[in-house]
Structure formats: C-alpha cells, structure tokens
Amino acid sequence: MAIDPINISVPFESLLNTINNLSLTEKLRLWKLLHEQLEQAEEDTLLADPKVKSEIHEARVAYKTGDYMFLDDYISDRKNKT
C-alpha cells in the first residue's frame, strides 16, 4: 500500500527551532538527506546548461576516439617537461 505524501507549510523559524532540538544522530541523518538533495539539484542544474552538455559530448567523443590521457601519464609527462 503506497503512502500519499502530505504537504504542510511550516514557518522557517519553527523549522530551525525543531532542528535545534534534534539529537546528533537525527541531525546527521537530516544533513545527509539535504546533502544528497543539494548534490542532485546541482547536477540537474549543470546538465541543463547547454555549455556543460556540449563539453560532456566533446569529452565522450574524445574518449570514444581514444583522444585522452590517463591522469598518471599526464602527471608523469608534466614532471618530465620541467
């Protein structure tokens, strides 16, 4: 049986007061949830940017054609040039 979500409006100050009363474990759980949601929102925003989409496409094309260098090789190459 699916549970229908309930939307309620809570004043921000009340929310802050409630958070202050949470245990450390509950605060960490809330922090992890917010962190995940913020990361997802950031990723969604970036992926909606045409410039970012273009750069991802270019990177995928370079990878498919073998036009890339492993990080260890790049670092080694930079050390040899100095």
Side-chain angles (χ1 to χ4, degrees):
M1 174 183 223
I3 299 174
D4 293 329
I6 298 173
N7 294 319
I8 59 173
S9 179
V10 178
F12 193 72
E13 286 299 319
S14 295
L15 183 59
L16 291 178
N17 289 334
T18 301
I19 291 170
N20 284 333
N21 292 322
L22 293 175
S23 70
L24 180 58
T25 301
E26 292 168 325
K27 286 178 182 176
L28 286 170
R29 186 174 164 207
L30 177 60
W31 178 82
K32 287 177 185 178
L33 173 71
L34 290 172
H35 183 71
E36 289 170 5
Q37 289 184 2
L38 287 169
E39 281 184 334
Q40 185 62 53
E42 184 178 75
E43 184 176 331
D44 293 346
T45 300
L46 281 173
L47 292 177
D49 183 334
K51 182 179 178 192
V52 173
K53 282 184 180 180
S54 175
E55 290 171 351
I56 290 171
H57 175 73
E58 289 175 19
R60 287 181 175 155
V61 168
Y63 180 76
K64 285 181 182 177
T65 61
D67 185 20
Y68 64 91
M69 181 182 285
F70 290 105
L71 183 58
D72 291 340
D73 295 337
Y74 175 78
I75 292 170
S76 175
D77 190 47
R78 295 282 297 172
K79 285 181 181 178
N80 291 336
K81 287 182 180 179
T82 54

Let me check something: do [X] and [Y] share a hydrophobic cluster, defined by ILVMFWY side-chain heavy atoms less than 4.5 Å apart, either directly or through other members?
X: Val10; Y: Ile6; value: yes
X: Leu30; Y: Leu15; value: yes
X: Leu16; Y: Leu22; value: yes

Rounded at 0.5 Å granularity, tell me how far [atom1] in [X] sits from [atom2] in [Y].
X: Leu46; Y: Glu42; atom1: CG; atom2: CD; value: 5.5 Å
X: His57; Y: Arg60; atom1: NE2; atom2: CZ; value: 9.5 Å
X: Lys27; Y: Asn20; atom1: NZ; atom2: CG; value: 5.5 Å
X: Ile19; Y: Phe12; atom1: CD1; atom2: CZ; value: 7.0 Å
X: Leu38; Y: His35; atom1: CG; atom2: NE2; value: 8.0 Å

Test item: [X] side-chain N/O and [Y] main-chain N/O as donor-acceptor pair under 3.5 Å:
X: Asn80; Y: Ser76; result: yes
X: Thr18; Y: Ser14; result: yes
X: Thr45; Y: Ala41; result: yes

### Query
Any idea which heavy atoms bring Lys51 and Asp49 closest together, and the distance?
N-OD1, 2.8 Å
### Query
Has Tyr68 got more than 12 heavy atoms of other residues, nucleotides or ligands less than 6.0 Å from its OH?
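Correct, the count exceeds 12.
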#### Entry: 4.5 Å side-chain heavy-atom contact, Lys79 and Ile75
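Yes - at least one pair of side-chain heavy atoms lies under 4.5 Å apart.
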#### Entry: Distance-only donor-acceptor check, side chains Asp44 and Gln40, under 3.5 Å
yes
